[in-house]
S.K.: 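Below you will find the structure I want to go over with you.
Lettering follows sequence order; numbering is per chain, from 1.
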2 protein chains.
Amino acid sequence: MGKQMTEMLKGTLEGIVLALLTGNPAYGYEITTLLRGQGFTEIAEGTVYALLVRIEQKGLVDVEKRPSEKGPPRKVYSLNEQGETELDEFWNTWSFLSERLEQLRKGGK
Amino acid sequence: MGKQMTEMLKGTLEGIVLALLTGNPAYGYEITTLLRGQGFTEIAEGTVYALLVRIEQKGLVDVEKRPSEKGPPRKVYSLNEQGETELDEFWNTWSFLSERLEQLRKGGK
DNA sequence: TACTGGTAGCTAGTAACACTAAGTAGTGAA
DNA sequence: TTCACTACTTAGTGTTACTAGCTACCAGTA
C-alpha cells in the first residue's frame, strides 16, 4: 500500500470499521473482505484483527462466538451504545477535517 | 487535542502544510499561526517544526534563511516541483478516502 | 539593571497505529 | 496427502503527532 494511504488510515480505519458494523454485526474475516470490496484492497488481515482487539478492549463492541461451517469459530462483533457514541464523535472529527481540506483544495485562504 | 483528531492528522497534516505552502512560501512560526487560524487551534509548535524538518529532508521544499525584525532568523519554506508532485498524490489519496467515507456515512455499504 | 512577553527555532522521549511476517486450526476437495 | 480456503492470533517494525522542555533575539517596562 502507498505510504500516504497507510498514514492516512491511522485514525480513520477504526471509524470505517465502526461504520461498517452499524446495524450489521460481522466477524473479522468478513470485515476484511468487506473492506476489500469497498476498494481497500490492500488492508492487511493482521491490521483488522488487531483493530478489533482494540475496539473490544475499549468496550465499543459486543462479541459473540459462533461456530462456522467451514473453519474455526467466528468472533462476531456488534456495535454497542458506547461504540455508537464513539462513531458519532468520529463523524464530527471527520467532518471538521474534511471541511478544512476541501477549503484548502479550493485554494481557499 | 482529542485523541481521534491526533490520529486522524497523521498523514493529513503533511498534506495540509504542503497545501498551505502552494504559491505562498512561509516560515515555521507563521505556518503554526496559519494553522491556528484555520481552526487547528491545538496543533503543537513542536509538531510543525518536526514536520518541516521531515519534508525538507524528503526534498519537497526549498529553504531560505531570512533575518527577522523581531527575533531569530526565519527559515522560509517554499514548495518545489517534487513537493507539488507529492501534493498531487496527497489529493488523490485524500479523494479516494473521502469518497469511501462519504458513501459509508450515507449508509451505503 | 532585571524582568517579562512575543517572536523563532530545536530536541528527546512517548503513545498510538497500520504494517510485515509469521503462526495455529478447521473444513472440504484434488 | 496435499492444497486451498476459512478464521483468528501474535511479535516486531516504522511513521507520526504529542509532551515538555530548551536556546536565542528583541522591545518594553518595572
S.K.: As a test of reading the structure: which of C/dG9, D/dT6, C/dC17 is closest to the side chain of A/Arg74, going by heavy atoms?
M.R.: D/dT6
S.K.: For atom NZ of A/Lys58, is the number of surrounding heavy atoms from other residues, nucleotides or ligands below 6.0 Å larger than 12?
M.R.: yes
S.K.: Taking the side chain of A/Tyr49 as heavy atoms from C-beta outward, which of C/dC19, D/dC8, C/dC17 is closest to it?
M.R.: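 The answer is D/dC8.
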S.K.: Backbone N or O of A/Ile43 within a donor-acceptor pair of the A/Arg36 side chain at under 3.5 Å?
M.R.: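 Checking the backbone N and O of A/Ile43 against the side chain of A/Arg36, a donor-acceptor pair under 3.5 Å is found.
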S.K.: From the set C/dT7, C/dC19, D/dC8, return the single nucleotide nearest to any side-chain atom of A/Thr6.
M.R.: C/dC19
S.K.: Below 30° counts as parallel, above 60° as perpendicular, anything between as tilted: where do the rings of B/Trp94 and A/Trp94 land?
M.R.: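 Geometry flag for A/Trp94 against B/Trp94: parallel rings.
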S.K.: Ignoring the backbone of A/Pro72, work out which of C/dA8, D/dC18, C/dA25 is nearest its side chain.
M.R.: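 Side chain of A/Pro72 sits closest to C/dA25.
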S.K.: With respect to the side chain of A/Leu9, which nucleotide from D/dC8, C/dC19, C/dC17 is positioned closest?
M.R.: C/dC19
S.K.: Identify which nucleotide among D/dT16, D/dT6, D/dT19 has an atom closest to any side-chain atom of B/Thr47, counting heavy atoms from C-beta outward.
M.R.: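 My answer, after comparing the listed nucleotides, is D/dT19.
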S.K.: Which nucleotide sits closest to the side chain of A/Lys75: D/dC18, D/dC8, C/dC17?
M.R.: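 Selected nucleotide (nearest to the side chain): D/dC8.
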S.K.: DNA chain C: A/Thr12 or A/Lys70, which has the more 5' nearest nucleotide?
M.R.: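 In this pair, the answer is A/Thr12.
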S.K.: Hey, does the side-chain of B/Lys10 have a donor or acceptor N/O within less than 3.5 Å of a partner on the base of D/dT16?
M.R.: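 Pair found.
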S.K.: Among C/dT7, D/dC18, D/dA7, which is the nearest nucleotide to the side chain of B/Tyr29?
M.R.: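 Nucleotide nearest to B/Tyr29's side chain: C/dT7.
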S.K.: OP1, OP2 of D/dA17 versus side-chain N and O of B/Arg54: anything below 4.0 Å?
M.R.: yes
S.K.: Look at the side chain of B/Glu7 and decide which nucleotide, out of D/dT19, D/dT6, C/dA16, has an atom nearest to it.
M.R.: C/dA16
S.K.: Kindly point out which of C/dT20, D/dT6, C/dC10 is positioned nearest to the side chain of A/Ala44?
M.R.: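 Within the option list, the nearest is C/dT20.
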